[in-house]
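Read through the structure below, which is laid out as C-alpha cells, and then see the notes.
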Amino acid sequence: MNALNIAYKDLMMLLKDRGQLITLFLVPIGFILAFSAAFAAGQELEAQVIAVPVVNLDPGGEMSTLLLQQLNDDRGLQTEDYDQAQAAADLSDETIKLVLTIPSGFSADVQAGKQTTLRLAYGPAASDSEVQAVRLVVDGIASDLSLETQLVGGLSQMGAMMGDAPAEVRVFTAERIATQAESQFERAKTTPLVALSAKWPDQITQGREDFNPSSFGVAGFAIMFAFLSAQTTAASIFEERKEGTFRRLLAAPLGKWELLAGKMLPNFFLAILQMVIIVAASLVLLPLVGQQAPTLGNSPLGLALVTILVALCSTSLGILLGALCRTESQVGGISSVFLWIAGMVGGAFIPAFVLGDFLNAIGKVVPHYWAMQAYNDLMLRGGGVGDILLELGVLAGFAAVFFAIGLRRLRFA
Amino acid sequence: MSEPILISQDLKKSFGEIEAVKGISLQVARGEVFGLLGPNGAGKTTTISMLTGLLEPSGGQITVDGLDLKSHTNEVKAKMGLVPQEMALYMSLSARQNLMFFGRIYGLKGKELRQRVDEVLEMTGLTDRADDPVGDYSGGMKRRVNIGAGLLHKPQLLFLDEPTVGVDPQSRNAIFESVEALNRAGMSVIYTTHYMEEAQRLCQRVAIVDEGRIIAQDTPTALIRSLGGGVVLLGVSASAPEDLAERIAQVPAVKSATRSDTYPAGSTGGQLKIETQRLQEALMQTLDITNQLDVRITSLEILEPNLESVFLHLTGKKLRQ
C-alpha cells in the first residue's frame, strides 16, 4: 500500500513539472513526425530512375549485351538506345543530359584482353549527382566484366599449359579450370565482388522489401524515449537521497522493498503510457501530414509483452542509474549521453542494416537493439510471440541484471 | 524515574575501520525531553539513526516501549517520529500535500488523516499558506512543516535532530515553544543539538557525547553544579614561565589551573584553563600573579557556569571548535 502512496506522490510531482511532461510525451512525437518525413523524402529520391541514353556501336556483341543487361538490372539506371548523330544533337540542345557510348569492337576487345574505353559524355543540364551515379555504376560493371574476362583467360592459359604436362602430374584440365572459374563468377554476380558498393544496396533492397519508415520511426523513438525516462527514476532517487526524504521515509514503518517498488511503479506505468501515446498519436497524426501510418502487425499480445518488458527494463535501468550517479550532472548529463548513444547503436534511430556489421555487433549489448528487433519482427514482418521469444528473454535478462546491480549498489541515506 | 520509553544498551556502530559510536547506553523516561549534546562529528546523528531504525547497530540493543527494535521494527517505528536535520520535504508539493503523504505513510487515512493535517497546519501556523508549494516558503516556515511532518501520527517518542540549524531567532523561539507544548502534552522527545543554551532551556536530562561516547549524563543543573563557579580561559605570551599554571593553581580561590592544548587563533603563546568556585576572587588573584611575573596577557575569556563550560571541563575542547 505504501508503495502505491509513494508512486502517487511521485506522479503528483511529475504532473507539476511541465518540462518533464513535454519531454516525455511531446518531444518523441515531434521526433517521429520529423523522422518519417525525412525518411519518406529520402525514399522518393532513392526511387528515382536515371535515364541513360546509350549509343551502342557494338550491337549484338556478347559483352555489350551483358553490359546493357547489367546496367538495367535494378541499379537505378534505365538505358535507352540512340544512334550516334541523334545523341550528339540531343545532347547539344539539352534534350538529353548525358550519353554513354559503347565503342565498336567492344566485345572482341574485352574478350581478347585488350584495353577499351566506354565514353560518358554529359551536357550542362546534367547534375553532378546524376553524372556521378552513372559513372559509378558503369565503372563497377565494366570492372567486373574486365576482371572476369582477364581472369578466365589467365586460368584457361594455365589449363592449356598443364595440358602439356605428363599425365601423372596433370591435376586439372583446361576445361575444368574454365568451368570452375565461370562458376565462381556466376556466384560473384549474386554476391558482388566489391563488398562496400555491392553489399550496401543489396541490403537496402532486402530491408526495403518490408520497410515502413513510420513503423520503424514509431518503434525506434518509442524505445528511445522509454529508456530515456529511466532518468526520471534516477533523478527522483537522487533527489530523495539529497533532500533527506529517503531518511525520513525509512524511519517510518515502511520496508526498503516498498520504497523501491514505489519508486519504480511511476516510471513503469509512464513508460507504457508514453509508448501507447506515441503509437496512438502516430496513427492519427502521420496520415494527417501526408505520411504513411505505422503498421502494427498481427500480434497485439506480442506488442504488449515487448512494451511491458521495455518499460520494466527502463525502470530497472533507472534504479541502476540512481544507484550509480553521485552528482546531479551524472544524472542529467552523463546518463543522458549514455542513453542516446545506446539508442543509436541499438538501432532505435538508424535502421540496424544501415549501421554495418561492427555497430550491429556492439548494438547487441544494449537492450534497445533487442527491443527494436522484437518490434520489427512484429510490426514490419507480421511475426507473432513465437518469433520473438529470444528477444523477450534477453529483455527480461537485462531488466533482472539492471535491477540486481542497482539494488546492490543503492544507498538509501 | 518512570518506566523508560527508550533504553539503549552498549550501542556501537563502525564504518569499516572507523568506530563512530563506541558503546552508548542511555534511558529516556516517558514524558521527558532528553538532550543529546555534542560537537559536530561526535556521533549524535549516527546514534539517532540507530535509535530510529535507519542504521543497523554493529552491537548493542534498543528497546522502545518494551519492544526490541530489531525484532519489532515496524511496530517500534510506528511509535516514533523523526524530524531530520535537513528539510526532508518535497519542495514542489504544498505543505498540505507533504503532510497528507507522510500521514498516509504512517497509516492515517480518510477523515482522520485530513483532521490531523488540519491540526498540524494550525499548530505550525501555516493554515493560510497550506496550499502553496513548500519551495516558496521562508526557511522558518519550511522548518515548521519539517517538524509538523514528524508529528502527524502522534508519536510517543519524537526525535528532533538539530532542528534549529540555520533558523532565524524568531523561528527558533517558535520551535522551542512547540517542543515545550508537545512535552506538556506528554510526548517524550530526544533533542540533539550542539547549542548548549537550547539544551539548558528545553531538556530535563542531557547526555554529553564526544568521540562516539557519552562522557556525562545527568540533569543540566547537576552537571553545571559539578563544575562549580566557572572557567577562565587566559591567553598568555610565549615568554610566560613554564610553571605559571602551577603557581596559579596554588591561589586559594582556584580549583584547578592547567595549560590547555587549545591556543587562541593567531596566538604564538599558550592558554591556561582556570576552574574556580569563586570567579571574581580567582580572577583578581590570577591577574596579580601575572603582573608580578610580568606575563603579557593576550586574551581573557570568562565562561559562566553552563553546559558549554561543562563540555570544556570534560573534554578540554569548546563545543563549536
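Residue numbers begin at 1 in each chain, while the letters A, B, ... track the order of the sequences.
- The two residues B/Ala88 and A/Gly244 have their closest heavy-atom pair at CB-O, 3.4 Å.
- Note that CG of A/Leu249 and CZ of B/Phe102 are 5.5 Å apart. Values are rounded to the nearest 0.5 Å.
- Heavy atoms closer than 4.5 Å to chain A are found in both the backbone and the side chain of B/Ser92.
- Most heavy-atom pairs under 4.5 Å with chain B: of the set A/Met13, A/Met12, A/Lys242, A/Glu240, this distinction falls to A/Met13.
- Each of B/Thr52, B/Ile105, B/Leu89 has some count of heavy-atom pairs under 4.5 Å with chain A, and the biggest count is that of B/Ile105.
- Considering every non-hydrogen atom in both B/Leu82 and A/Ala251, the closest pair reads CD2-CB, 3.7 Å.
- B/Asn146 touches chain A through backbone and side chain together, each having a heavy atom under 4.5 Å away.
- More than 12 heavy atoms of other shown residues, nucleotides or ligands fall within 6.0 angstrom of atom CZ in B/Phe176.
- One N or O on the side chain of B/Lys77 and one on the backbone of A/Leu250 form a donor-acceptor pair closer than 3.5 Å.
- For A/Arg326, the CZ atom counts as densely surrounded, since its 6.0 Å shell holds more than 12 non-hydrogen atoms of other residues, nucleotides or ligands.
- Side-chain contact between A/Ile6 and B/Phe101 is present, with at least one heavy-atom pair separated by less than 4.5 Å.
- Comparing A/Glu239, A/Glu243, A/Glu258 by how many heavy-atom pairs each has under 4.5 Å with chain B, the most go to A/Glu243.
- Summarising the geometry, atom OG belonging to B/Ser94 is positioned 6.0 Å from atom NZ belonging to A/Lys16; distances are rounded to the nearest 0.5 Å.
- Rounding to the nearest 0.5 Å gives a distance of 10.5 Å between CG of A/Asn5 and CE of B/Met100.
- For B/Val76, no part lies near chain A; criterion is any non-hydrogen pair under 4.5 Å.
- Defined by atom type and a distance below 3.5 Å, a donor-acceptor pair is missing between the side-chain atoms of B/Arg104 and A/Asn2.
- Checked by atom type and distance alone, the side chain of A/Arg248 never pairs as donor or acceptor with a backbone atom of B/Ala149 at under 3.5 Å.
- Contact detail for A/Thr245 and B/Tyr90: the closest heavy-atom pair is CB-OH, 3.5 Å.
- In this structure, a donor-acceptor pair under 3.5 Å is present between the side chains of B/Ser49 and A/Arg247.
- Only the side chain of B/Gln97 comes within contact range of chain A, with heavy atoms under 4.5 Å apart.
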